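Okay, structure first, notes after.
Everything numeric here is computed off the predicted structure, so don't read it as measured data.
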There are 2 protein chains.
Amino acid sequence: MSDTKENIIGLADELIRKRGFNAFSYNDIAVPLAVRNAAIHYYFPAKSDLGEAVIEVELRRVEEYRRGSERLTGEEQLKLLVGVFRRNNKLRMICLMGSLTPDYDTFEVPMRRKVKEMCLSILDWVAESLEKARGEGKLQFEGEAGDRALLVISTLLSSLLLSRVLGTNIFERMLDQLLQDMRADWRVKDIKL
Amino acid sequence: MSDTKENIIGLADELIRKRGFNAFSYNDIAVPLAVRNAAIHYYFPAKSDLGEAVIEVELRRVEEYRRGSERLTGEEQLKLLVGVFRRNNKLRMICLMGSLTPDYDTFEVPMRRKVKEMCLSILDWVAESLEKARGEGKLQFEGEAGDRALLVISTLLSSLLLSRVLGTNIFERMLDQLLQDMRADWRVKDIKL
DNA sequence: CAATATACTTACTAACTAATCAGTAAAAAA
DNA sequence: TTTTTTACTGATTAGTTAGTAAGTATATTG
């Protein structure tokens with residue numbers, strides 16, 4: 001993949017996370033990268049093509065994380081996940097799920113499909129890690145791991161949204177509350193993610 | 001308040017919840033209401049004025065809910081809250097927090113302040129209800145009610161986002177998971193919100 | 001070396017955007 | 001009854017948007 005193409009996708013990703021898909025324009029990419037708006041259309045004829053490309057890269061990132069952390073414990077996998085969100089929080093960036101799902105109904109069908117695929121892929125990863133951590137006796141929760149994954153992702157996603165508005169400390173406060181309920185042994189208070 | 005003004009705010013509210021603040025135009029309001037775009041500017045000189053008006057109405061709605069449910073139990077108050085979200089879910093509408101916080105950094109300062117005020121007001125209400133329900137022995141959780149309110153709102157907000165993408169049943173699945181952790185007596189499984 | 005493909009630029013457009021300003025009819029106030 | 005205010009319409013605009021078509025320099029291939 002050409003440098004320009006990669007830079008376009010990278011900046012689009014950043015803009016989606018910082019300002020939203022419907023709030024950035026081809027110009028917001030063209031100016032910083034010092035290319036013409038037509039250069040972006042050369043790689044991505046329609047804006048939705050650019051959106052889909054950003055999602056595909058995220059999808060591959062998730063796959064990489066999964067493959068790269070196969071041999072880690074469930075707890076370590078979850079630490080990795082939380083680390084990603086903590087980094088985003090420091091950069092005042094929300095996650096793609098938090099940015100794209102509110103605009104879902106403004107997207108065309110192919111991009112909606114990609115958004116859905118991305119959500120399912122992330123949730124599947126989290127569910128797997130949770131199940132593993134539960135098997136290890138590190139975490140405790142009732143019901144299916146897939147349902148608990150929804151709750152975990154929901155907390156991480158919202159903490160990014162709210163910490164931009166209410167202050168960055170919100171992130172750790174929410175994480176603490178989430179963990180409180182999943183501590184394998186409620187007498188032990190030192191589990192950290 | 002004139003009918004036209006009220007209709008404009010009402011439709012703007014719906015459009016924000018369905019498509020997002022940056023994805024609707026004055027035309028999307030003018031055409032269905034059969035008024036000219038200048039009529040909207042008459043009441044709301046700038047789009048941010050319209051946004052702020054929508055938030056102010058929501059703020060008053062929350063105040064009304066609070067005053068109107070003062071004498072209810074904490075559990076009943078929470079049932080009321082969940083009912084509001086459940087109705088939104090049926091209409092494929094997300095909540096204002098879920099719609100406006102992702103776009104937060106694209107707003108001008110006065111509107112950001114209003115968004116923040118709205119978030120704090122809603123969280124305060126939930127915290128109060130949670131504390132009350134805990135005092136009644138109906139719910140159980142550790143730490144401050146304000147922190148738990150973040151988790152509750154986070155779940156409700158995200159469930160609206162995700163249920164549009166993954167199917168409406170997501171809403172109840174997430175609610176069940178949330179409640180599992182807050183059951184006062186873990187042997188009793190019949191608490192419902 | 002010639003032909004072709006790649007990676008753009010220049011120049012443009014049609015459609016839409018929020019916003020403005022000068023009217024105007026009707027209601028309310030003086 | 002005159003004046004003022006309210007609640008708009010009509011007409012327009014400056015700026016932005018995604019998107020296109022035609023051209024060009026450079027690298028790749030036959």
Side-chain angles (χ1 to χ4, degrees), chain A residues 1-16 18-55 57 99-100 103-112 114-115, chain B residues 1-16 18-57 99-100 102-112 114-115:
Chain A
M1 187 149 53
S2 86
D3 269 14
T4 305
K5 191 174 179 184
E6 244 173 316
N7 290 339
I8 291 169
I9 295 177
L11 186 48
D13 179 275
E14 191 184 322
L15 286 165
I16 290 173
K18 283 191 171 158
R19 317 189 40 94
F21 185 79
N22 291 317
F24 84 88
S25 77
Y26 274 39
N27 222 291
D28 297 329
I29 290 174
V31 172
L33 294 186
V35 295
R36 304 294 150 170
N37 130 58
I40 311 171
H41 280 284
Y42 170 70
Y43 291 109
F44 310 102
K47 199 183 177 185
S48 57
D49 295 315
L50 177 52
E52 287 174 43
V54 168
I55 300 173
V57 169
S99 175
L100 295 176
D103 298 346
Y104 189 72
D105 280 10
T106 72
F107 300 151
E108 286 150 39
V109 176
M111 186 159 155
R112 285 191 205 177
K114 281 258 153 61
V115 172
Chain B
M1 187 148 53
S2 89
D3 270 14
T4 305
K5 190 174 179 183
E6 243 172 317
N7 291 338
I8 292 170
I9 294 177
L11 186 47
D13 180 274
E14 191 185 322
L15 287 165
I16 290 173
K18 282 190 172 159
R19 316 187 43 92
F21 185 78
N22 292 317
F24 83 87
S25 76
Y26 273 42
N27 221 290
D28 297 329
I29 290 174
V31 172
L33 295 186
V35 295
R36 304 295 150 169
N37 130 54
I40 311 172
H41 279 285
Y42 170 70
Y43 292 109
F44 311 102
K47 200 183 177 187
S48 58
D49 295 315
L50 177 53
E52 288 174 42
V54 169
I55 300 173
E56 262 158 37
V57 169
S99 174
L100 295 176
D103 298 346
Y104 188 73
D105 280 9
T106 72
F107 301 151
E108 286 150 40
V109 176
M111 187 160 153
R112 285 190 204 177
K114 280 259 152 63
V115 172

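Nearest nucleotide to the side chain of B:V35, out of D:dA18, D:dT9, C:dT9: D:dT9.
Between the CD1 atom of A:I29 and the P atom of D:dT17 there is a distance of 12 Å, given to the nearest Å. Between the CZ atom of A:F24 and the C1' atom of D:dA18 there is a distance of 11 Å, rounded to whole Å. Computed from coordinates, the A:I40 CD1 to D:dT20 P distance equals 14 Å when rounded to whole Å. Whole-Å rounding puts the A:F21 CZ to D:dT17 P distance at 14 Å. Here C:dT9 presents its P atom at 15 Å from OH of A:Y26, a figure rounded to the nearest Å. B:L50 places its CG atom 14 Å from the P atom of C:dT17, with the value rounded to the nearest Å. When the P atom of C:dT9 is taken as reference, atom CG of A:N27 falls 13 Å away, rounded to whole Å. Regarding B:I8, its CD1 atom lies at a distance of 13 Å from the P atom of C:dA18, rounded to whole Å.
A side-chain contact (heavy atoms from CB on, under 4.5 Å) with B:I29 is found for one member of B:L50, B:N37, B:V35, B:I9 and no other, namely B:L50.
Taking 4.0 angstrom as the limit, A:T4 places a side-chain polar atom (N or O) nearer than this to OP1 or OP2 of C:dC8. Residue B:S2 places at least one side-chain N or O under 4.0 Å from the OP1 or OP2 atom of D:dC8. Listed pair A:Y42 / C:dT9 fails the phosphate criterion, with no side-chain N or O lying under 4.0 Å from OP1 or OP2.
Residues satisfying the salt bridge (charged side-chain N to carboxylate O under 4.0 Å, His left out) test with B:E6, not counting sequence neighbours, are none.
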Could you list all N or O pairs between the protein and nucleotides 20-26 of chain C that sit under 3.5 Å apart?
none

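B:F44 comes within contact range of no nucleotide atom at all, as no heavy-atom separation falls under 4.0 Å. Base engagement by A:R36 is indicated by at least one non-hydrogen atom pair under 4.0 Å involving a base atom.
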* Stepwise side chain to side chain donor-acceptor pair (under 3.5 Å) check, A:Y43 with A:S2 -> CA-CA 10 Å; A:Y43 291 109; A:S2 86; 3.1 Å; yes
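Where A:S25 and B:Y43 meet DNA chain D, the nucleotide closest to each residue was compared, and B:Y43 sits on the side nearer the 5' end.
A cation-pi arrangement, defined by a distance under 6.0 Å to the six-membered ring centre and an angle within 45 degrees of its axis, is present between A:K47 and A:F24.
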